[in-house]
Student: 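Just dropping this structure here.
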Protein chains: 2
Amino acid sequence: MPRENQTWQSVRDEVQRRIQTRVWPMGGLLPKEEDLAQELGCARVTVNRALRHLAEQGILNRKRKSGTRVAEFPARNVRFRIPILREEIEAQGAVYSYALLLRAQLAPPPPVRAAMQMKDAPALHLQSLHLADARPFVFEDRWINLATVPEAERVDFETLSANEWLVGHAPFTAGDMSFGAVRLDHPMAKALGAHEGDSSLTNERLTWDGAQSVTHVTLTYAPGHRIQSSF
Amino acid sequence: MPRENQTWQSVRDEVQRRIQTRVWPMGGLLPKEEDLAQELGCARVTVNRALRHLAEQGILNRKRKSGTRVAEFPARNVRFRIPILREEIEAQGAVYSYALLLRAQLAPPPPVRAAMQMKDAPALHLQSLHLADARPFVFEDRWINLATVPEAERVDFETLSANEWLVGHAPFTAGDMSFGAVRLDHPMAKALGAHEGDSSLTNERLTWDGAQSVTHVTLTYAPGHRIQSSF
DNA sequence: AAGTGGTCTAGACCACGTC
DNA sequence: ACGTGGTCTAGACCACTTT
């Protein structure tokens with residue numbers, strides 16, 4: 001006799017309900033997948049999918065042998081969508097444009113060099129501005145590892161932003177990203193059309209192709225910009 | 001004759017390889033799941049799992065009937081882990097402590113009231129400080145909707161932070177979160193042990209239990225703090 | 001109407017983590 | 001050694017989208 005075709009979403013909802021009504025208290029142990037499946041009248045794989053989903057969100061902790069527990073600290077894993085700047089600007093209905101401010105070839109300063117795990121070989125340094133309807137939106141400060149992407153030396157980046165060129169020419173396999181806040185100094189404020197001392201959100205990214213660093217970039221958003229997500 | 005037991009991770013890796021080497025160019029159409037499964041020698045469900053995973057990351061776009069395409073803009077969906085403050089501080093090996101600075105009951109200012117979709121009913125307003133090794137770490141400004149959580153009125157929050165109390169007493173079903181940067185004014189700088197004009201990362205959250213808002217909180221981190229993630 | 005992804009079931013075996 | 005989650009396979013049906 002076949003079971004009664006629960007969906008994994010309905011299992012997820014039922015589990016969340018039991019957590020919220022504290023049938024299963026914080027830190028409590030859930031029944032094992034097989035038992036839950038039998039109780040709810042579905043296949044174990046369906047329960048597995050639902051519990052895996054909640055674990056990815058940080059609501060459950062799962063370990064083999066020890067079982068599944070309600071997380072003590074319901075630390076949520078929140079997803080943020082990190083779009084290409086052109087896309088983000090055009091999605092607002094604004095016209096995207098780009099201006100190269102500086103292009104040089106030199107050894108990066110020690111913190112960047114250390115983060116990129118480079119010898120003292122020169123790298124390509126680019127500073128540029130991304131504009132929305134001709135208003136400064138983001139200031140970009142980028143270092144490209146020429147040992148990893150030697151072709152970059154022959155590109156002038158006057159019309160095509162480094163971001164878009166790299167997307168097509170230097171695939172990456174991993175990366176780190178962080179957000180912070182920074183007080184604008186005079187030149188940066190001037191570039192962004194803001195005031196010295198204003199506060200800006202910064203986004204720093206470092207990408208890798210295997211064990212070799214590809215590029216290190218710091219984006220400084222115009223003051224007031226926020227990054228949003230729902231959960 | 002059974003197929004040869006590929007793992008979904010190996011399928012995912014192979015697909016990523018083909019995207020990086022442009023066997024499947026940006027915007028290009030992938031074979032349908034069934035064909036891919038046959039080519040790679042595994043079950044269709046295994047291919048499905050791998051492709052679904054990449055779609056969740058924003059690397060692929062999938063639509064029924066039209067098929068699976070390589071995303072034009074490889075916008076990554078990056079996961080950030082948003083821990084409870086106590087957990088975050090203790091994870092650094094520091095001693096967590098907490099101090100309530102203000103507790104009042106009044107109608108929130110218009111922007112907060114609008115965001116929380118409240119009438120002009122009073123809400124509970126709390127300001128507090130979270131400290132790591134007795135050094136200010138985060139300033140918290142919180143509004144609690146007493147229509148949703150009336151019990152909060154009888155809690156003094158002197159020793160237990162609102163965050164930890166709410167976790168146990170006011171489950172939420174959804175929320176919005178955003179990050180921004182702010183220039184510290186004098187009182188905030190003083191509370192955080194920083195200088196007026198310093199720049200801080202802020203994290204704003206609004207949680208809902210169904211259609212009713214639960215709480216609105218703005219966290220202002222001590223200057224220099226960053227939020228990190230890998231992908 | 002037809003094509004493609006989305007999901008379910010049953011059964012099996014594997015892998016990790018604890019004892 | 002053993003218990004629990006992790007995953008795979010084959011086959012089936014459903015659901016959404018476009019023709």
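Every chain is numbered from 1, with letters handed out A, B, ... down the list of sequences. Worth saying up front: this structure is predicted, and the values here are computed from it rather than measured.
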Student: According to the interplanar angle, ranging from 0 to 90°, do the rings of B:F80 and A:F80 count as parallel (below 30°), tilted (30 to 60°) or perpendicular (above 60°)?
Tutor: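 Because their plane-to-plane angle is over 60°, the rings of B:F80 and A:F80 count as perpendicular.
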Student: Rounded to the nearest angstrom, tell me the gap between atom CD in A:Q6 and atom P in C:dA10.
Tutor: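 After rounding, the gap between these two atoms is 13 Å.
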Student: Between D:dT18, D:dG5, C:dG5, which one does the side chain of B:S66 approach most closely?
Tutor: D:dT18
Student: Whole angstrom is fine here: how far is it from CZ in A:R62 over to C1' in C:dA15?
Tutor: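 After rounding, the reported distance stands at 14 Å.
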Student: Between the side chains of A:R44 and A:E34, is the shortest nitrogen-to-carboxylate-oxygen separation below 4.0 Å, so that they form an ion pair?
Tutor: no
Student: Tell me which of B:V45 and B:R49 sits closer to the 5' end of DNA chain D, going by the nucleotide each one is nearest to.
Tutor: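 Of the two residues, B:R49 wins.
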Student: Over how many whole Å does the gap from B:E34 atom CD to D:dT9 atom P extend?
Tutor: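 Between P of D:dT9 and CD of B:E34: 14 Å.
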Student: According to a strict under-4.0 Å criterion, is B:K63 in side-chain N/O contact with OP1 or OP2 of D:dT17?
Tutor: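 Answer is no, no contact under 4.0 Å.
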Student: For C:dG6, does the base pair up with any side-chain atom of B:R44 as donor and acceptor (N or O, under 3.5 Å, distance only)?
Tutor: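 Looking at the base of C:dG6, it does pair with a donor or acceptor on the side chain of B:R44 (distance under 3.5 Å).
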Student: In whole Å, I'd like the distance from the CG atom of A:N61 to the C1' atom of D:dT4.
Tutor: 15 Å
Student: In whole Å, what is the span from the NZ atom of B:K32 to the C1' atom of D:dC16?
Tutor: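 After rounding, the gap between these two atoms is 16 Å.
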Student: Give the intermediate values and the outcome of side-chain hydrogen bond (donor to acceptor under 3.5 Å, both in side chains) for residues A:N77 and A:Q57.
Tutor: CA-CA 5 Å; A:N77 288 332; A:Q57 287 190 40; over 6 Å; no
Student: Under 4.0 Å from OP1 or OP2 of C:dG5: is there any side-chain N or O of B:R52 that close?
Tutor: no
Student: For the pair A:R142 and A:E140, find out whether any cationic side-chain nitrogen is under 4.0 Å from an anionic carboxylate oxygen.
Tutor: yes
Student: Which one, C:dT4, D:dA10, C:dT7, comes nearest to the side chain of A:W8?
Tutor: C:dT7
Student: In whole angstrom, give the distance that lies between atom CG of B:L29 and atom P of D:dT18.
Tutor: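 Taking CG of B:L29 and P of D:dT18, I get 14 Å after rounding.
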Student: Taking atom C1' of C:dG5 as reference, at what distance in whole Å does atom NE2 of B:H53 sit?
Tutor: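 Roughly 18 Å, once rounded to whole Å.
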Student: On DNA chain D, does the nearest nucleotide to A:K65 precede the nearest nucleotide to B:T7 from the 5' side, or the other way round? Give the residue.
Tutor: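 Mapping each residue to its closest nucleotide by heavy atoms, the 5'-most match is A:K65.
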Student: Take the protein atom CG of A:L40 and the nucleotide atom C1' of C:dT9, then report the distance between them rounded to whole Å.
Tutor: 15 Å
Student: Any chance the rings of A:H130 and A:F137 have centres within less than 6.0 Å?
Tutor: no
Student: Phosphate oxygens OP1/OP2 of C:dT7: is one of them under 4.0 Å from a side-chain N or O of A:T46?
Tutor: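 Looking at the OP1 and OP2 atoms of C:dT7, neither is under 4.0 Å from any side-chain N or O of A:T46.
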Student: Here's a test of your reading of the structure: between A:Q9 and A:R64, which maps to the more 5' nucleotide of DNA chain C?
Tutor: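 Checking each residue's closest nucleotide, the 5'-ward one belongs to A:Q9.
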Student: Within the structure, does a side-chain N or O atom of A:N48 lie under 4.0 Å from either OP1 or OP2 of D:dG5?
Tutor: no
Student: Please determine, for the side chain of B:E33, which listed nucleotide (C:dC8, C:dG6, C:dT18) has the closest atom?
Tutor: C:dG6
